Every structure is written in C-alpha cells, then in structure tokens.
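Below, chain A is the first sequence line, B the second, and so on; all start at residue 1. Any value given below was found using the heavy atoms of this structure, including those in side chains, with hydrogens, waters and symmetry copies removed. Keep in mind it's a predicted model, so treat the numbers as computed, not measured.
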Number of protein chains: 2
Amino acid sequence: MAGPVVDPPAASAVTPKAGYHHGDLRAQLIAAVAELVESHGPDGFSVAEAARRAGVSSAAPYKHFKDRHEILRGVVAEAMDRLHAAMEAGAAAHPRGSLEAIAAVGLAYVDFARTGPGVFRLVFGLTEGHEDDPDLMAKGDQCFGVVQQAVADCLRLSPADPEVERRAYMLWSFVHGHSFLTIDMKHKVASTGTDDWTYLMAVAEAILRRP
Amino acid sequence: MAGPVVDPPAASAVTPKAGYHHGDLRAQLIAAVAELVESHGPDGFSVAEAARRAGVSSAAPYKHFKDRHEILRGVVAEAMDRLHAAMEAGAAAHPRGSLEAIAAVGLAYVDFARTGPGVFRLVFGLTEGHEDDPDLMAKGDQCFGVVQQAVADCLRLSPADPEVERRAYMLWSFVHGHSFLTIDMKHKVASTGTDDWTYLMAVAEAILRRP
DNA sequence: CCCCCATGTGAGAGTTGTTAACTTTCGCCG
DNA sequence: CGGCGAAAGTTAACAACTCTCACATGGGGG
C-alpha cells in the first residue's frame, strides 16, 4: 500500500513508552490497531503506523506478533472478550429467565456494534489465514453461550436442548442482522420505528413466547 | 504488503487479453478482483496481482479506476446488481403476495452469501472512502425495495406504509443475520435444525401473520 | 553481582500503490 | 486514403509498507 495511512502521522490516544523496554507493547499495539481499524477500515491500518503510535520502531511489533494478520487476530480476541463481558453484564442486570435479560444481552450486542463499527465488522469479517483459529472459535462459542444460557433460563430447559439452540440461533440472527444494518445504514436511522430496547423486547417476546 | 499475494502467481479463470488494446479490461479486472477477494479476503487482494491475472501491466488498471478503492467499489456494484437480480427472480417465481415469494427473496439472499462469502462480506463491509457513494446507496435501496414490495404485496398495503417498512426491516435483519452467521460458522452447520427454505418460511410467517 | 534472553533498534530486500511521460492502436473526418 | 486525437497500454520511478536479520540493551533470576 502506498500513501500515508493516517492524517496526523503522530498524535494518538495511546501514550508512548518510557524507556528502552516498553513494558506493555503488545497491549498498546492492539489498542493502536483497534483505533486505526476504527477510523480507516480493516485494511486501512499498517503495522508501521501502529508501531509509530506506540513510539517504537517498525520492527518491534514482530517480537510480539508473527505478522500483520496475527495483530488483527489479537484485536479481534480482545474485542470478543469485551463483547462477552458486556453480554454477561447485560444478562446479569436482570432476573434470570426474564425476557429483559435476553433483551439486555441483545442490547449489549447492538451497543458494541454501534460504538465500534469498524472493529465489529472486523470481528465478523476475519477470514484471512485464521478461518479456524481455535482460540477465536472458543471465544465465539462463549458469546453464543450467553445467549443460549439466557434462552434456556427463560424456557426452563437445558442449554443443550435442541429447542433452546434453535431459538437462540433465531434470536442471534436477528440481533446480529439488526446490528449490521444499523451500522451500515446510519442514514435512515430508526428504521425500526422504535428504540432498540423496545424493539429487542418485542423480538424476544415473539421468539420465546410461541409454540 | 509483502510476499506474493497468491499461490500460483499465474493461472486464472479470466482469460487474458488478445492484442495491445485489451477491449474488456475493466470487466476482467473486476472479475479478477472478485476472485481474489473470494479466496484471500477483502484486504488480500492487490491491484498488481489483478493486473497480472488480466495479463496487463500493473499501471493499466489506473486507466479505468482512480485507485484501489474504486476497484473494490466496482466489484461491489457488480455484486449488488447480481444480488438484486437474484432477489427479483426469487420474488417472481411465486405468486405475488404469497409468503413463498418472501421466503424466496430471503433464500436468494442467503444463497448469494453462501456462494460468495468474501464478496458478500465486502458488500456489507465497505467503509473506506465510500461511506456514501450515491450509486451504491441507490443499489442498496433497490435491494431493500424488493423486500419492501414483497411485504407490501403480502399485507396488501402501500410499500410506503410505516407498518410495511417496519416488518420489512425486521425480515431483512433476520435474513441478513442468518446469512452472516451461516458463512461465519460453517462449522456446526444446520444450527437452525432445518433447511433454509423451511426456516425462512417460518420466519416470514412469524413476522407477517401477526398484529 | 553478573550474565542471559526477552525485547528493543537499524538497515535492507522485495512488493505494492500511484503518478508521469511515453507509445501504440483505433476510429473518424476531411 | 491519410493523418490525427483520444483511449488504453507500457516502462520507469518514488515513497510506503511488510518482514527478516544481525546487533544492542538492560532487568530479573541464578
């Protein structure tokens, strides 16, 4: 790729290092890359620029990551952890088995997408050399697990019940689709006619209170 | 980027040119890029490699596209046309206003995603310099229009009716989400427990046969 | 206290994006 | 029919980027 990747080649939110040994480079690189992905799209980042932002030479990142793809994977892993935590928190904020708990999980998902559309798309668009990174797959399953558990609680069934899996999948498609559409079409917002919470409650009700 | 972008640096499905003047370079570049995106991810393509595949010098593409982003946009535009056509065809294959017509539109969508996951993701992940390319937005609206029309027919209301918009959006979220999940988790397929058609019919019914 | 190795630096090879100046070919007009 | 201008290709060049290798550094465990 040619041309400078960013507008102000310096200046960043990640505070640079202190001495020769950085002490926290790996995390700072991930933060810097997340920022870049957010502002310039998934292929609008460069290892070099991330290094610059962290205040290290352009070769330093390769002590922590095999190649640029591995950095992306790092960003995704971190993001999925955050997503998982947010979903758990959403569920925990309401009585177990309530529809509210389910809607809250969905809302956490949508909020996650809206506050970091670039990273969100990265998370679900990663298909380079890591189609089946076991670590990422595990984290993905962990997230789905939250939905599954909430649905199981609501239906008073085991999480492994096929009926639970079916409805959890339905719910997730819905939330996932809404998240994507909502960040793709920032124009014509409020296509739902209502706010997210009401919308998600309606969906949860429709999917869970049926034969 | 470093390193060759593809495995066999030559050999391609797009047959190279004939004489000095290629005659069809623009289209062949788009085809080549679509192939690359499909096999190496959205940022796994390079203008140079696309040119190589089309049998021209690496500067030739710039006679047809301003920069690499414009090539991507070309790929997306072509893909959206195909998607739109497939959706229309799906709707046309069933009686107007039937649930089947709606399910068929959804199935076209899902099939499109499945047969070209890379391009599909590209279509809905394009956020570089063209967040609001009027041409692409128009094509997007065209696609949503098919859903909207099918829903309107089914409910016997005007496509502009807010109720139609609301349900069309719901339906689209669902289909969109299912499409994404289906290509993301190729593993644990058939999470729905049924085939796509049955699934989509159930969803259409649930969303359209309600207060 | 000292040495070791994880973590940094610098230079360099190879690739890419993009532009500029050129050349070739096609079709059209006098 | 000749030539000419625009469209479409080529080569050359530059800056940036990825990634490697040999070397430097310094903090923590023996």
Side-chain angles (χ1 to χ4, degrees), chain A residues 1-10 14-30 32-33 36-37 40-75 128-130, chain B residues 1-10 14-30 32-33 36-37 40-75 128-130:
Chain A
M1 292 178 194
V5 170
V6 289
D7 328 332
V14 290
T15 47
K17 66 164 175 178
Y20 187 104
H21 278 71
H22 191 291
D24 190 33
L25 186 53
R26 196 191 146 92
Q28 289 221 358
L29 282 174
I30 288 185
V33 169
L36 286 173
V37 165
H40 297 73
D43 62 328
F45 101 101
S46 73
V47 176
E49 177 60 22
R52 225 167 287 136
R53 292 202 172 198
V56 296
S57 77
S58 65
Y62 294 94
K63 296 291 172 177
H64 296 268
F65 302 95
K66 192 173 120 290
D67 57 22
R68 55 181 273 120
H69 295 312
E70 195 167 290
I71 305 190
L72 262 323
R73 247 180 298 163
V75 172
E128 307 294 327
H130 23 60
Chain B
M1 288 179 196
V5 169
V6 290
D7 327 333
V14 291
T15 46
K17 65 165 176 179
Y20 187 102
H21 275 70
H22 190 292
D24 190 33
L25 186 53
R26 196 191 145 92
Q28 289 220 0
L29 282 174
I30 288 185
V33 169
L36 286 172
V37 165
H40 296 75
D43 62 329
F45 102 101
S46 72
V47 176
E49 177 60 22
R52 226 168 285 137
R53 291 201 171 198
V56 296
S57 77
S58 66
Y62 293 93
K63 295 292 169 176
H64 297 269
F65 301 95
K66 191 172 119 292
D67 55 21
R68 54 180 270 121
H69 295 312
E70 195 167 290
I71 305 189
L72 262 322
R73 247 179 299 164
V75 173
E128 306 294 328
H130 23 62

Would you mind telling me which of [options] lies closest to the side-chain atoms of [X]?
X     : options                : value
A/S58 : C/dA21, D/dC19, D/dT11 : D/dC19
B/Y62 : C/dA21, C/dT18, D/dT18 : C/dT18
A/A59 : D/dT11, D/dC21, D/dT18 : D/dC21
A/A60 : D/dT18, C/dT9, C/dG17  : C/dT9
B/S57 : D/dC19, C/dT9, D/dT10  : D/dT10
B/R68 : C/dG8, C/dG17, D/dT11  : C/dG17

When the distance from [atom1] of [X] to [atom2] of [N] is rounded to whole Å, what number comes out?
X     : N      : atom1 : atom2 : answer
A/K63 : D/dC23 : NZ    : P     : 13 Å
A/R53 : D/dC17 : CZ    : C1'   : 16 Å
A/F65 : C/dA6  : CZ    : P     : 17 Å
A/L36 : D/dT18 : CG    : P     : 11 Å
B/D24 : D/dA8  : CG    : P     : 12 Å
A/E70 : D/dT18 : CD    : P     : 15 Å
A/D43 : D/dA16 : CG    : P     : 19 Å
B/L25 : C/dT25 : CG    : C1'   : 15 Å

message: Which residues pass the side chain to side chain contact (heavy atoms under 4.5 Å, CB included) test with A/Y62, not counting sequence neighbours?
response: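 Per chain and number, A/Y62 pairs via side chain to side chain contact (heavy atoms under 4.5 Å, CB included) with A/V47.
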query: Of all residues at least two apart in sequence or in a different chain, which pass the side chain to side chain contact (heavy atoms under 4.5 Å, CB included) check with A/A60?
result: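 With neighbours one apart ignored, the set is A/L25, A/V56, A/S57.
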- prompt: Within the structure, does a side-chain N or O atom of B/R26 lie under 4.0 Å from either OP1 or OP2 of D/dA7?
  reply: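 So the side chain of B/R26 is outside the cut-off, no N or O lying under 4.0 Å from OP1 or OP2 of D/dA7.
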task: Check whether any side-chain N or O of A/H64 sits under 4.0 Å from OP1 or OP2 of C/dG8, and answer yes or no.
output: yes
- prompt: Passes side chain to side chain contact (heavy atoms under 4.5 Å, CB included), A/R53 versus A/L36? Steps please.
  reply: CA-CA 10 Å; A/R53 292 202 172 198; A/L36 286 173; 3.7 Å; yes
- request: Applying salt bridge (Lys or Arg N to Asp or Glu O under 4.0 Å), run through B/R68 and B/D43 and close with a yes or a no.
  value: CA-CA 11 Å; B/R68 54 180 270 121; B/D43 62 329; over 6 Å; no
task: Say whether, by atom type as modelled, one donor and one acceptor occur between the side chain of A/Q28 and the main chain of A/D24 under 3.5 angstrom.
output: no
